[in-house]
Structures are given as C-alpha cells and as structure tokens.
Amino acid sequence: ERTGEPATPPGPAREHGLQPPAEIAVGLVLGGPDGAEHATGDLEGARRAAGEGLELATGAQFPYGAGLVHRLLGRIAHATGEFEEARRRLAEAHAVFMSIEAQHEVGRTELALAELAHAQGHDEACRMHTLSAHALFTRLGLPRYVERTQRLAASWGTPLPAVSGGVRS
C-alpha cells in the first residue's frame, strides 16, 4: 500500500536507485564531517552511517566509493581526536585511490593527511603531504585545488614552490 511518500528520499543516491542508508552515506561523503554531523545529528551517528556506506561500497565492489568512505571515516576520527584511527583510515583511502589511479582523490587525501599532521604538530609530514597534494593538483591542472592547497600551506607556514604561469605558491 502506498502512503504517498517516495520509497527513497530525493537526493544524489536516489538518482542512482539507492535506498535510504545509501542516501545517508552519499550525503556524508559529499559533506565531510560537518555534513555528516548535520545529516545524522552527531559524529557517532555519522560514523555508524559511514560504516554502512563502506559495507555497501565494498559489497558492490565499488572501490571509488570505499575510498571516499575511508577518507570520511578518517576525517571523522580526526574531528574526534582519534589521530591513529584517522591516519589508518586516510592511509587506506590513499591506497585505494592509488590502486584505481584516481589522482584527484589521491591529492584530496594528501590534503586530509596534511591537515591531520598539522593538527598533531608533525611539521615535516604536513609539509610532505602538502607538497604532494600541490604537485598533483598542479600537474592535473586543477586551479581551485591548487589555490586551496596554497591557502592551507600559507596558514600553516608551509612554503610551496612557485607554479608556472604566474601563479605564486
């Protein structure tokens, strides 16, 4: 019997025929920890929903989705001060993205690793991850991400090399 409500709420997951838990997972991945907290009301709820999303992505043999969820779980762990769990999850995301040659996502994960290293006061690791992200985004021709990396590096006091084409790091 139909109640007039759609079986799946509107949103990106619905466009792909996914059910409500997947809708939550997609929202979490797209929104990061802040979006996750907003979608579920708390970071622990976000972590549970992301765990469901990881099961879905893994079960569907969708490594790109699994990488996104691992990165989200890493960012949630970072937000809750679980730095070793954050590092482990971000390293897993990095490995997944490397294995499928998703260079843009490798760069985004390098930035998440840089943010984590900065939060822990690991200046050299922060510098290395920032340089790696910057080099990837520059090589891929992604000016928005090059600029974001430059802004973060400047706020952290991490010098970056000059980029050809008049863009200064």
Side-chain angles (χ1 to χ4, degrees), residues 11-13 18 21-137 139-140 142 144-158 160:
L18 301 175
E23 172 70 21
I24 293 170
V26 169
L28 297 180
V29 169
L30 296 177
D34 293 338
E37 188 171 10
H38 176 73
T40 63
D42 69 301
L43 285 175
E44 285 310 311
R47 188 187 319 257
R48 284 189 302 278
E52 290 177 30
L54 182 58
E55 286 179 27
L56 288 168
T58 302
Q61 297 180 3
F62 181 42
Y64 185 84
L68 291 174
V69 177
H70 276 296
R71 187 171 60 218
L72 172 64
L73 287 166
R75 292 179 64 206
I76 290 170
H78 177 180
T80 58
E82 300 168 70
F83 294 140
E84 187 53 36
E85 174 68 6
R87 189 207 55 74
R88 186 181 72 74
R89 290 294 188 164
L90 292 172
E92 182 67 27
H94 192 277
V96 168
F97 293 134
M98 289 291 288
S99 76
I100 62 172
E101 300 180 8
Q103 294 300 298
H104 167 256
E105 298 300 349
V106 170
R108 291 182 64 204
T109 305
E110 287 284 354
L111 270 186
L113 285 161
E115 290 170 330
L116 177 63
H118 176 71
Q120 293 180 282
H122 298 159
D123 295 340
E124 184 59 19
C126 179
R127 187 178 76 76
M128 295 305 295
H129 289 299
T130 304
L131 286 170
S132 180
H134 187 257
L136 269 169
F137 295 143
R139 183 173 52 80
L140 294 171
L142 300 170
R144 184 177 126 211
Y145 286 98
V146 170
E147 292 168 9
R148 178 171 184 251
T149 304
Q150 291 169 336
R151 280 193 308 275
L152 287 171
S155 74
W156 298 332
T158 303
L160 292 173

Contacts under 3.5 angstrom, residues 76-85 side chains, donor-acceptor by atom type, not counting sequence neighbours:
{"from": "Thr80", "atom 1": "OG1", "to": "Arg47", "atom 2": "NH2", "distance (Å)": "3.4"}
{"from": "Thr80", "atom 1": "OG1", "to": "Ile76", "atom 2": "O", "distance (Å)": "3.2"}
{"from": "Thr80", "atom 1": "OG1", "to": "Ala77", "atom 2": "O", "distance (Å)": "3.1"}
{"from": "Thr80", "atom 1": "OG1", "to": "Glu82", "atom 2": "OE2", "distance (Å)": "2.6"}
{"from": "Glu82", "atom 1": "OE2", "to": "Arg47", "atom 2": "NH1", "distance (Å)": "3.4"}
{"from": "Glu82", "atom 1": "OE2", "to": "Arg47", "atom 2": "NH2", "distance (Å)": "2.7"}
{"from": "Glu84", "atom 1": "OE2", "to": "Arg87", "atom 2": "NE", "distance (Å)": "3.1"}
{"from": "Glu84", "atom 1": "OE2", "to": "Arg87", "atom 2": "NH2", "distance (Å)": "2.8"}
{"from": "Glu85", "atom 1": "OE1", "to": "Arg88", "atom 2": "NE", "distance (Å)": "3.2"}
{"from": "Glu85", "atom 1": "OE1", "to": "Arg88", "atom 2": "NH2", "distance (Å)": "3.1"}
{"from": "Glu85", "atom 1": "OE2", "to": "Arg88", "atom 2": "NH2", "distance (Å)": "3.0"}
{"from": "Glu85", "atom 1": "OE2", "to": "Arg89", "atom 2": "NE", "distance (Å)": "3.0"}

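In this structure, the side-chain hydrogen bond (donor to acceptor under 3.5 Å, both in side chains) partners of Glu105, at least two apart in sequence or on a different chain, are Tyr64, Arg71, Arg108. Applying the ring pair (Phe, Tyr, Trp, His ring centres under 6.0 Å) test to His118 and every residue at least two apart in sequence or in another chain returns Trp156. For Ala154, there are no side-chain contact (heavy atoms from CB on, under 4.5 Å) partners, not counting sequence neighbours. A search for side-chain contact (heavy atoms from CB on, under 4.5 Å) contacts involving Met128 returns Glu124, not counting sequence neighbours.
Across every non-hydrogen atom of Ala57 and Ala66, the tightest pair is CB-N, 3.5 Å. Here the shortest heavy-atom pairing between Ala50 and Leu72 reads CB-CD2, 3.9 Å. The two residues Gly107 and Ala133 come nearest to each other via the heavy atoms O-CB, 3.6 Å. In terms of heavy atoms, Gly53 sits closest to Val69 at C-CG2, 4.2 Å. In this structure, Gly67 and Ala93 approach most closely via the heavy-atom pair O-CB, 3.4 Å. Shown here for Cys126 and Ala114, the closest heavy-atom pair between the two residues is SG-O, 3.6 Å.
Counting heavy atoms from C-beta outward, Val146 and His134 have side chains that approach closer than 4.5 Å. Taking 4.5 Å as the limit, some side-chain heavy atom of Thr130 sits within range of a side-chain heavy atom of Leu160.
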Evaluate the criterion side-chain contact (heavy atoms from CB on, under 4.5 Å) for residue pair Leu111 and Phe137; output intermediate values, then yes/no.
CA-CA 11 Å; Leu111 270 186; Phe137 295 143; 3.9 Å; yes
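Side-chain atoms of Ser99 come within 3.5 Å of backbone atoms of Val96 as a donor-acceptor pair (strictly under, hydrogens ignored). Without hydrogens or angle criteria, Thr58 side chain to Glu55 main chain gives no donor-acceptor distance under 3.5 Å.
A salt bridge (charged side-chain N to carboxylate O under 4.0 Å, His left out) check over residues 112-121, counting only residues at least two apart or in different chains, returns the pairs Glu115-Arg148.
Atom CZ of Arg151 sits about 8.5 Å away from atom OG1 of Thr149, to the nearest 0.5 Å. Note: Leu140 CG to His104 NE2 = 8.0 Å, rounded to the nearest 0.5 Å.
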